[in-house]
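Numbering starts at 1 and runs along the sequence shown. Indexing begins at 1, ligand by ligand and atom by atom, following the structure's order. Because the structure is predicted, anything quoted here is derived from the model rather than measured.
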Amino acid sequence: MNELASLWPTGYRAALVVSIDVDGPYGHINANGPDDYFWRGQTAYDLAAGTPRLLDLLKDRGIAATFCWVGRCVEDRPDLVERAERDGHESSIHSWDHRYYTPMSDDEQRADMQRTFDAIVAVTGRHPTGHKTPAWRYNDRTIAIAQQLGLTWRMDVAGGDLPWVVRPDASLAPVVELPPSRFYDDYTYFIEQTVTPRATAEFWCEDLDVLRDEGKLLCLTVHPFVSGRPGPSRALADLIDHAIDLGDVWIARAHDVATHWLANESARLTVR
Ligand SMILES: [Zn+2]
């Protein structure tokens, strides 16, 4: 075991975050307009069947994941948010209606995050602590606004294989950046092209094996209307089962990884 293993809780040498972006139909409505009834129809699967299947898959394995909710989906299906909470998952912010943040003003971004924050609190009674921007279309101000809202983590920038800490305003609490990747995103395999679930699982398991050797972190992004479909759900299941079988991969919610990273920041800097 190399020295980086000390970066994770005792007994673990790498970490895996499973984040589930519940876009509902709003992702494709934002991207293509409200009259794109093909995608409205396809993404109707998201709340109707995909999210329940993924909740079942996670429950069968006793895994806690991070749900990134579009605020309008919280309004549409508060029962799914309640079930995720009951099952021990984290509820975090994935914008109000999946509009991209890149062209937004500071006030627009702040209002968009706050509205979704409030919708989650109204259902769960708990404050979300993290944010993922729709389609990772953030801008240079997004992280500062997340910090101003008191969020602990965000997952927008593929800036490495470990978290890092940022403090846009030195007088406020820091924010932990958790790195996603299009290579750990089910869109890449099942929407942008067609890869078999077995081959996709092979990609992801190879990634995890390398990151485990190096003592690092894999932040997976899946969508219920994609990975919640029957075949693709096996790719996610195979990755989780592989992580469980390895025995020393910490499968954790984004919030838990971020708080662990902050709590051990001084010790980690000593290691480096
Ligand atoms: Zn999304």
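A donor-acceptor distance shorter than 3.5 angstrom exists from the side chain of Gln147 to the backbone of Ala173, with no hydrogens or angles considered. A distance-only check finds no donor-acceptor pair linking the side chain of Glu177 to the backbone of Asp156 [under 3.5 Å].
Tyr138 pairs by the side chain to side chain donor-acceptor pair (under 3.5 Å) definition with nothing, not counting sequence neighbours.
Any protein N/O/S atom under 2.8 Å from the Zn ion (ligand 1) was counted, giving 4 altogether.
A heavy-atom distance below 4.5 Å is not found between the side chains of His223 and Phe190.
The shortest non-hydrogen separation linking Ala254 to Val17 is N-CG1, 4.0 Å.
A donor-acceptor pair shorter than 3.5 Å cannot be found between the side chains of Thr43 and His28.
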